[in-house]
Amino acid sequence: MATPAEYRTPKQLDALEQSLRAEMGTLADDRAAEEFRIKYLGKKGLLRSLLKGLAGMPENERKAFGARANRLRADIEQEFKQAPWRSGGATAEHSSFDPTLPAAPLPIGSIHPSVQTCDEICDIFVRMGFDIAYGPDVETDYYNFEALNFPRHHPARDMQDTFFVSDSMLLRTHTSPVQIRVMEKQKPPIRCIMPGTVYRHEEISARSYCQFAQVEGLYIDRDVSMADLKGTLLAFSKQFFGENTKIKIRSSFFPFTEPSIEVDVWCFVCNGSGCSVCKQSGWLEILGAGMVHPNVLKAGGIDSEEYTGFAFGMGVERIALMRYGIDDIRLFFENDVRFLKQF
Amino acid sequence: MKLLYNWLKELVAITVSPEQLARDLASIGLEVEAIERRRIPDGVVVGEVTAVGPHPNADRLKICLIDSGGPQPAKVVCGAPNVRPGIKVAMASPGCVLGPNMVVEKVRIRGVESAGMLCSERELSLSDDHSGIMELPADSANGRPVCEVIPEDAVLDIELTPNRGDCLSVLGIAREVAAKYGAPLKSPALAPEESGEDITAYISVSIENADACPRYMGRLVRGVTIAESPDWLKQRLLACGLRPINNVVDVTNYILLLFGQPMHAFDHATIAGRQIIVRNAAEKQTFVTLDDVERTLSSQDLLVCDAQNAIALAGVMGGANTEIAEGTTDVFLECAFFDPVSVRKTAKRLDMSTDSSYRFERGVDPGDGLVAAIDTAAELMRRLAGGTVAKGTIDACPKPIEKRSIALRPSRVQRLLGITISKDEIAAALTGLGMRIVDENDGALAAEVPLFRHDLLLEADLVEEVGRLYGYDNIPAAETATVPLVRPANPARHVFDTVRKALAYAGLHEAVTGSMTSEKRRALLTPAVEPVRILNPLNPDMAQMRTTLLGNLLETVAYNINRKNTGNRFFEIGRTFTSRGVNELPEERDVVAIVLEGDYEAATWQRKARKADFFVLKAVLESLAVQCGVRQTSYKAAKSDDTRFAPESALVTWNNGAAGICGRIREEICGVFDIETPVYYAEMDITPVLSRKKDILRYVPVSRHPAVERDFSFVMPENLVSSVIMNEIAGVSDLVESVEPFDVYRGDKLGEELKSVTFSVRLRAPDRTLTDTEADDVCARIVETVKDRHGVVLRS
Ligand SMILES: [Zn+2]
């Protein structure tokens with residue numbers, strides 16, 4: 001049997017480590033394992049005695065050797081404890097192996113439900129060939145209203161209660177200003193999806209929050225028509241809500257689209273038979289859309305005779321609320337971990 | 001806007017149910033928010049009050065005898081102020097169900113048995129009026145079910161978009177309904193029966209600001225008797241949410257509901273000089289409106305004045321000085337078209353929104369509608385309040401509004417809507433909406449737009465008119481689209497996506513928090529940063545845009561600690577804002593914030609808890625860096641000018657670019673959020689680093705030869721960071737494969753300000769097995785170099 005005195009250099013310790021591992025690999029039963037434990041890991045075992053043979057070694061070498069030896073002993077002990085054969089396998093009568101104990105979990109995190117919803121929406125459009133674009137949260141009156149055909153003293157401005165930063169700057173009330181920013185930078189064809197945070201000067205309640213996420217879409221090319229808009233939104237709805245989804249279109253009004261429409265989706269909760277989510281109507285109000293207004297194209301530097309386009313926008317939290325059956329929008333901003341963990 | 005179904009039916013003959021009507025209105029852009037069915041319940045009958053006597057035990061209650069057609073009068077206890085002998089009332093008998101939680105029973109009220117209940121309009125769900133019991137027409141037969149006297153109706157609550165000012169009336173909706181169903185529209189206009197002298201003998205009108213008041217009409221009704229309006233009129237007003245006042249004022253409100261035309265009635269006797277002047281107010285002029293509030297005006301506000309005083313805030317509200325009162329005999333009726341922008345500016349500035357200003361802002365009919373409204377009003381007033389209508393109308397029209405004509409190419413309709421539709425079909429749709437079609441030579445139609453459609457300006461607007469009547473559900477959905485083969489990916493989205501997944505896999509929960517914060521919070525966390533301030537915050541806690549995500553995440557941690565959620569690990573990808581002055585948009589950064597508090601890994605049966613500390617935070621960041629494809633990271637102890645962090649914090653670089661800061665948050669800051677445990681936080685601005693073009697990755701061959709491991713314990717001054725020695729060791733020879741500190745020791749034996757760090761060094765050659773001599777040589781050079789450069793020696 002090896003004695004401590006044989007080990008005096010790091011290289012010898014490397015060799016010892018290798019042979020110990022090899023020997024551990026051959027242990028067949030609990031008895032052999034116990035013998036291994038006494039021989040190497042016991043109070044008088046080799047690994048505990050290694051430091052005793054260091055007398056006469058220079059101080060600095062001894063320190064480094066000692067640290068290395070201690071590390072080796074800790075490693076081997078750990079491996080010996082955890083090695084699966086030590087249980088004696090399934091045949092052992094007095095097994096100490098209890099697989100029903102809980103595993104120490106790796107820390108498990110989560111992605112916020114409204115972000116997941118937003119990502120999913122964007123991914124579907126990316127698969128349809130839409131780019132992604134972003135714009136600033138703090139916008140000019142020009143991009144947020146004027147260029148989008150909201151005249152300065154028009155009641156249409158009452159549709160979106162606004163936080164102002166100055167006379168000409170505000171917190172964007174919708175992601176539509178990014179449409180103009182994209183048009184300014186890019187010539188048609190434009191196929192773009194624009195997610196972002198928007199702000200409304202509204203009291204906070206279970207049904208409304210002063211900020212939320214919106215996803216805007218824009219497609220401009222030669223001969224883009226309402227039929228293309230309908231096809232795109234139907235394809236999206238089928239991907240997002242399920243293959244059997246139907247959509248219904250109503251006339252509506254947004255200053256920056258003409259014609260403007262509102263799109264309702266067949267209620268995926270009750271399949272159209274009526275429930276509390278769809279207020280018994282069988283339909284869910286999901287998004288607003290329309291053909292880009294000629295004035296908006298003009299503001300973006302695009303000839304409305306040559307090009308036509310459609311735009312649409314949807315509120316992410318609204319969709320997430322319906323989707324997960326959440327009844328209070330404030331939950332999205334409270335970040336209670338018991339809530340977040342569920343998604 | 002509330003619309004009475006039966007009233008609508010007087011203007012256009014329809015057979016559809018209120019529910020179907022609501023669906024059809026929604027499809028053409030008039031969204032119906034709610035339908036309220038109005039049906040008087042069975043068991044409510046007409047009763048005549050034959051006698052009223054005092055209640056023995058209650059001053060405010062009365063005992064009434066009611067003849068409801070039966071052999072015996074019923075004895076009913078009633079507290080309504082208007083109960084009196086001779087009136088006809090609605091009596092609910094025991095067993096009658098008035099609402100979901102309201103069944104009439106025979107009860108004793110203060111010791112007197114009541115055989116039923118006399119109902120108010122609210123109790124019958126007819127209106128919100130609960131000021132007294134409802135009085136029925138005097139000719140109603142006793143005992144007749146009230147549902148035969150007041151027929152079943154429905155109130156549709158219509159939410160109109162701001163472009164459709166023309167639909168803010170029964171007539172406006174009727175026009176849409178007639179177009180939708182192709183049904184004829186019956187005009188509700190009445191022609192006045194005039195008599196006596198011409199109106200010009202009594203009053204004159206002059207307009208000083210024609211832009212703000214393009215048209216002003218007036219009529220005079222003389223010799224009226226102010227009284228209550230008849231029941232049918234009161235009921236219509238109440239059902240539409242207006243309070244009846246007297247027969248004259250009620251007629252103007254009725255015209256408002258029917259034609260959408262705001263009108264004002266002045267007591268003619270109070271108009272000084274028999275003269276109306278429409279002009280702008282003087283700056284700072286004051287004026288007391290009908291609601292008895294004194295308003296301070298600006299020179300932008302338009303006034304209706306008499307020879308001496310202002311008598312109305314044009315289009316917004318009348319004045320208290322010319323109000324119709326009990327003794328009024330002659331009524332001057334105003335019916336005008338005020339400029340929408342002018343009215344809106346005044347209403348906004350004075351923070352007033354009236355039924356009148358609401359309609360003027362959205363545009364009323366300056367043409368035939370104006371005439372029909374004032375004629376009908378005068379005639380109705382004559383019929384209901386007596387008196388005579390003076391001959392003629394004043395029609396001051398200093399700036400006539402011309403009808404627009406818009407060209408519409410059928411090809412454009414087809415192109416925008418994606419449908420095949422003939423020129424004739426298009427023409428029919430537009431005609432149905434009141435437009436006049438002129439065919440032009442080049443194949444386009446020219447449509448003359450009625451004056452009440454202020455929203456129709458361009459060809460695209462007419463396309464919408466065609467589309468909504470054609471029915472958007474009838475447009476086919478396209479199945480294919482031609483798109484470019486590939487478009488550049490957005491680097492920011494890729495970064496967000498990667499970061500989000502990496503941090504969720506590292507065990508962190510993503511939070512989403514608000515972008516607005518308070519001045520106090522910003523001053524605490526980032527005193528040196530100039531914030532973006534909000535002029536009209538919801539509350540002081542949301543008065544500016546955040547400059548850091550720290551406050552949000554500390555709030556999130558505190559919120560969770562309060563709910564006994566332990567081991568808090570969150571991240572957020574969000575924006576911070578820094579002002580660049582009033583003329584430039586602020587700087588916006590997408591930052592990644594990470595917060596750790598309590599156990600990063602909880603204790604289990606197998607191991608102890610792993611508490612969050614600087615190095616757990618660093619581990620998370622290192623993992624993030626690897627996931628983001630970053631090849632090089634470094635941490636430099638942060639100088640303490642960032643007031644958020646305790647000294648135990650570091651600046652982080654990725655690929656040699658500044659990437660953020662990480663460390664422990666100062667206790668005073670945590671204390672403000674009531675957090676007593678250490679909080680570790682990182683705020684990374686990594687988009688710039690990650691958006692840079694990446695180097696092409698080249699593979700390094702893996703050596704097949706064994707490695708030699710050697711350990712070195714160096715005694716170093718505390719202020720020497722281990723990475724310096726690591727770099728030094730790594731630079732000694734190409735044979736050094738890796739250097740890893742694995743033990744740090746401090747103790748009395750070493751002395752103050754000293755630490756011993758043990759480095760494990762792995763040596764390997766790519767092409768051969770190292771000999772002992774080679775290894776020893778490298779080791780000697782390591783010891784020598786570290787000593788030479790840093791005066792650091794091996795621990796003895
Ligand atoms: Zn449903």
Side-chain angles (χ1 to χ4, degrees), chain A residues 10 59-60 63-64 67-68 101-102 104 107-112 114-115 129 131-132 134 136-138 140 153 155-156 158-159 163-166 189 191 197 201 210-211 223 225-228 230-231 234 248-253 258-259 261 291 293-294 308 332-338 340, chain B residues 26-29 161-163 341 344-345 361-362 415-418 458 460-461 463-464 467-468 472-473 475-479 483 487 490 493 500 504 507-515 532 534-536 538 556 560 565 575 582 585-586 588 601 604-607 710-711 713 758 794-796:
Chain A
E59 179 70 12
N60 61 344
K63 289 276 176 203
R68 173 92 179 92
L101 283 170
I108 296 166
S110 57
I111 293 178
H112 195 281
S114 70
V115 175
D131 303 337
I132 302 265
Y134 301 97
D137 287 20
V138 183
T140 59
H153 295 287
D158 295 347
M159 293 166 89
F163 286 108
F164 289 96
V165 168
S166 71
R191 236 172 130 75
T197 305
H201 196 280
C210 57
Q211 74 176 69
D223 294 322
S225 76
M226 191 71 105
D228 297 305
K230 222 174 139 173
L234 183 62
K248 191 175 77 173
I249 295 181
R250 292 178 281 126
S251 178
S252 189
F253 168 71
E258 189 74 38
I261 58 169
M291 304 306 294
H293 196 287
T308 54
F332 286 126
F333 298 92
E334 276 166 1
N335 301 298
D336 189 314
V337 85
R338 293 164 300 175
L340 298 177
Chain B
S27 78
I28 57 171
T161 52
N163 59 327
V341 172
R344 181 174 165 84
K345 279 182 176 172
E361 282 178 35
R362 282 156 180 76
R415 194 171 156 202
L416 273 173
L417 297 181
L458 303 173
D461 299 324
V463 173
E464 174 170 82
R468 68 192 182 96
Y472 292 121
D473 284 327
I475 294 176
E479 284 172 9
V483 297
R487 298 273 319 140
N490 187 308
R493 171 168 161 85
R500 194 164 273 136
L508 278 65
H509 298 284
E510 183 176 24
V512 170
T513 62
S515 309
V532 175
I534 292 158
L535 294 178
N536 57 334
L538 274 181
T556 301
N560 279 281
N565 299 334
R575 284 192 172 167
V582 287
L585 285 178
E588 298 188 16
E601 286 177 295
T604 70
W605 61 276
Q606 226 175 355
R607 58 153 203 236
R710 294 292 169 86
D711 296 342
S713 295
T758 306
L794 287 174
R795 189 172 161 196
S796 56

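Note that the coordinates shown come from a computational prediction; the quantities given were computed from them, not determined experimentally. Just so it is clear, the values below take in all heavy atoms, side chains as well, and ignore hydrogens, waters and symmetry mates. Residue numbers begin at 1 in each chain, while the letters A, B, ... track the order of the sequences.
B/L508 touches chain A through its backbone: at least one of N, CA, C or O sits under 4.5 Å from a heavy atom, while the side chain does not. For a residue to count as touching a neighbouring chain, one of its non-hydrogen atoms must lie under 4.5 Å from one of that chain's; by this rule B/V582 touches chain A with the backbone only. With a 4.5 Å cut-off on non-hydrogen atoms, B/R607 touches chain A through its side chain but not through its backbone. Looking at A/R68, the atoms closer than 4.5 Å to chain B (heavy atoms on both sides) sit in the backbone and in the side chain alike. Proximity to chain B involves both the backbone and the side chain of A/I111, based on heavy atoms less than 4.5 angstrom apart. With a 4.5 Å cut-off on non-hydrogen atoms, A/I108 touches chain B through its backbone but not through its side chain. With a 4.5 Å cut-off on non-hydrogen atoms, B/I534 touches chain A through its backbone and its side chain both. Looking at A/F163, the atoms closer than 4.5 Å to chain B (heavy atoms on both sides) sit in the backbone and in the side chain alike. For B/E361, the parts lying under 4.5 angstrom from a heavy atom of chain A are both the backbone and the side chain. Only the side chain of A/P294 has a heavy atom closer than 4.5 Å to any heavy atom of chain B.
Across B/A478, B/P586, B/G418, the residue that shares the most heavy-atom pairs under 4.5 angstrom with chain A is B/A478. In terms of heavy-atom pairs under 4.5 angstrom with chain A, the leader among B/V463, B/T513, B/T758 is B/T513. Annotation: maximal heavy-atom pairing with chain B below 4.5 Å, among A/T197, A/T308, A/V337, occurs at A/V337. By number of non-hydrogen pairs under 4.5 angstrom with chain B, the leading residue of A/F333, A/F332, A/F253 is A/F253.
Contact check for A/H293 versus B/D461: side-chain heavy atoms found under the 4.5 Å cut-off. A 4.5 Å side-chain heavy-atom check between B/R344 and A/P155 finds at least one atom pair inside the cut-off. Side-chain contact between A/D158 and B/P162 is absent, with no heavy atoms from C-beta onward closer than 4.5 Å. Residues A/E258 and B/L416 fail the side-chain proximity criterion, which asks for heavy atoms closer than 4.5 Å. Using a 4.5 Å cut-off on side-chain heavy atoms (C-beta onward), A/D131 and B/N490 make no contact.
Listed here is the closest heavy atom pair of B/H509 and A/S110: ND1-OG, 2.7 Å. Nearest approach of A/M226 to B/L417, heavy atoms of both residues: CB-O, 3.4 Å. Looking at every heavy atom in both residues, B/I28 comes nearest to A/S251 through C-CB, 3.3 Å.
Here the side chain of A/N335 pairs no donor or acceptor atom with the backbone of B/N560 at under 3.5 angstrom. Using a distance-only test at 3.5 Å, with no hydrogens or angles considered, no donor-acceptor pair links the side chain of A/D223 to the main chain of B/R415. Between the side chain of B/D473 and the backbone N or O of A/K248 there is no donor-acceptor pair closer than 3.5 Å.
Residues meeting the salt bridge (Lys or Arg N to Asp or Glu O under 4.0 Å) test with A/D137, sequence neighbours left out: A/R172, B/R575. Under the rule for a salt bridge (Lys or Arg N to Asp or Glu O under 4.0 Å), the partners of B/E510 that lie at least two apart in sequence or sit in another chain are B/R500.
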